[in-house]
Enquirer: 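Mind looking over this structure? Questions follow.
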Amino acid sequence: MNIQWCIERLELYASALEELDRRGESRMHLSPEDALRNVQQLSRTSHTIMRRLDPTMSDRFSWDDRWQIEQDVNAAIGMLRDWKEVEENLGPGGPLMYAAQLHPWVWDAASTFWDAGHYREAVAQAARSISAHTQSKIGRTDISEGNLLKQAFSKEDPKPGAPRLRFAGDRSTETWRSRQEGAVAFAFGCFTGIRNVATHQHMLDWGEQEAFQYLTAFSVLARWVDECVVETAEDS
């Protein structure tokens with residue numbers, strides 16, 4: 001969670017609610033219509049933040065519940081400001097990982113499903129996105145997903161219609177060979193061990209933490225595909 005961004009969004013929402021409370025007063029800076037429009041524009045994202053902090057908080061703007069919403073906004077801002085201190089005192093520190101900083105092939109495909117709470121489908125969509133981007137990068141549409149990545153990272157020389165993805169570096173070294181071999185195994189494992197489960201086990205759903213770990217695995221894979229150069233049979 002980007003704490004500072006969340007605080008700033010909620011503070012804007014709190015200011016908009018305060019402005020709306022001034023309807024008809026001389027100290028009002030906006031027209032009543034503009035004040036209401038401002039609240040409506042900020043409400044969806046703000047309530048998403050509040051629900052993430054506490055699912056019992058108000059989930060939408062309502063004129064009748066405005067007082068409660070204002071209390072929830074203030075409480076959420078306080079929680080966010082105390083977040084770092086709470087983490088330091090309640091448990092060991094660790095790296096903070098932001099979903100939006102995953103590789104864009106992964107998060108752009110997964111975010112809509114993730115925000116709706118469909119974590120398994122979010123992972124499946126990330127896998128499909130990587131497959132589609134790989135197809136586009138190497139110009140192959142005859143195969144996809146695990147087999148596509150397995151062939152793309154293969155150390156075998158490229159063939160007509162079957163380009164390869166190659167890491168940068170000295171190809172005579174053990175390090176380079178290890179990276180290529182590892183990419184084959186890792187990519188095939190991601191698709192067979194994660195993507196296939198996500199796609200075929202429709203009654204299964206993963207918790208947020210488990211699904212996020214799977215997304216990070218696909219993010220690594222997306223980074224490798226993105227950074228590799230394409231080698232065709234004509235280049236060999």
Side-chain angles (χ1 to χ4, degrees), residues 1-91 93-126 128-129 205-216 219:
M1 182 181 294
N2 186 333
I3 295 174
Q4 187 57 42
W5 176 84
C6 291
I7 291 174
E8 291 171 358
R9 295 293 294 190
L10 291 180
E11 287 178 338
L12 286 174
Y13 190 41
S15 296
L17 290 169
E18 182 180 351
E19 177 72 7
L20 190 61
D21 282 338
R22 299 173 181 159
R23 290 193 312 162
E25 298 181 10
S26 60
R27 61 195 181 101
M28 191 174 191
H29 300 105
L30 300 173
S31 69
E33 293 78 12
D34 288 341
L36 179 58
R37 186 179 302 110
N38 197 26
V39 167
Q40 291 170 336
Q41 290 173 350
L42 292 166
S43 64
R44 186 174 183 86
T45 298
S46 300
H47 286 291
T48 298
I49 295 169
M50 289 190 287
R51 287 199 308 275
R52 185 69 60 87
L53 292 169
D54 183 349
T56 66
M57 287 185 173
S58 303
D59 62 356
R60 67 183 63 188
F61 174 78
S62 169
W63 184 262
D64 294 334
D65 295 332
R66 194 171 74 263
W67 181 88
Q68 182 60 55
I69 292 171
E70 290 172 350
Q71 302 309 304
D72 287 345
V73 172
N74 289 329
I77 291 173
M79 292 169 65
L80 288 165
R81 286 175 175 165
D82 290 342
W83 190 284
K84 184 176 181 180
E85 184 177 350
V86 169
E87 289 292 307
E88 290 174 350
N89 285 281
L90 293 184
L96 293 176
M97 300 183 66
Y98 303 129
Q101 293 178 345
L102 295 171
H103 195 284
W105 295 355
V106 169
W107 186 240
D108 288 353
S111 59
T112 299
F113 295 91
W114 188 274
D115 290 342
H118 302 307
Y119 303 126
R120 177 185 58 80
E121 183 59 31
V123 175
Q125 291 295 328
R128 294 186 185 103
S129 174
D205 206 355
W206 294 317
E208 188 174 14
Q209 180 63 32
E210 183 179 6
F212 186 73
Q213 291 172 348
Y214 294 146
L215 282 184
T216 60
S219 183

Enquirer: Please list, chain by chain and in numerical order, all residues satisfying side-chain contact (heavy atoms from CB on, under 4.5 Å) with S111, sequence neighbours excluded.
Expert: W107

Enquirer: Looking at residues at least two apart in the chain, or sitting in another chain, which of them share a side-chain contact (heavy atoms from CB on, under 4.5 Å) with E8?
Expert: Q4

Enquirer: For D34, check salt bridge (charged side-chain N to carboxylate O under 4.0 Å, His left out) against everything at least two apart and list the hits.
Expert: R37

Enquirer: Under 3.5 Å, side chain of T45 to main-chain N/O of L42, donor-acceptor pair present?
Expert: no

Enquirer: If you look at every heavy atom in A211 and V123, which pair is closest and at what distance?
Expert: O-CG2, 3.7 Å

Enquirer: Apply side chain to side chain donor-acceptor pair (under 3.5 Å) to residues D72 and Q68 and explain how you reach the verdict.
Expert: CA-CA 6 Å; D72 287 345; Q68 182 60 55; 3.0 Å; yes

Enquirer: Would you check if H47 and Y13 make a side-chain contact, meaning some heavy-atom pair closer than 4.5 Å?
Expert: yes

Enquirer: Between the side chain of D54 and the main-chain N/O of M50, is any donor-acceptor distance below 3.5 Å?
Expert: no

Enquirer: Answer yes or no: is there a side-chain heavy-atom contact under 4.5 Å between W114 and L215?
Expert: yes

Enquirer: Heavy atoms, side chains only, cut-off 4.5 Å: are R51 and T48 in contact?
Expert: yes

Enquirer: Is any NZ, NE, NH1 or NH2 atom of the basic residue among E121 and R128 found under 4.0 Å from an Asp or Glu carboxylate oxygen of the other?
Expert: yes

Enquirer: Hey, does N38 have a side-chain heavy atom less than 4.5 Å from the side chain of E19?
Expert: no

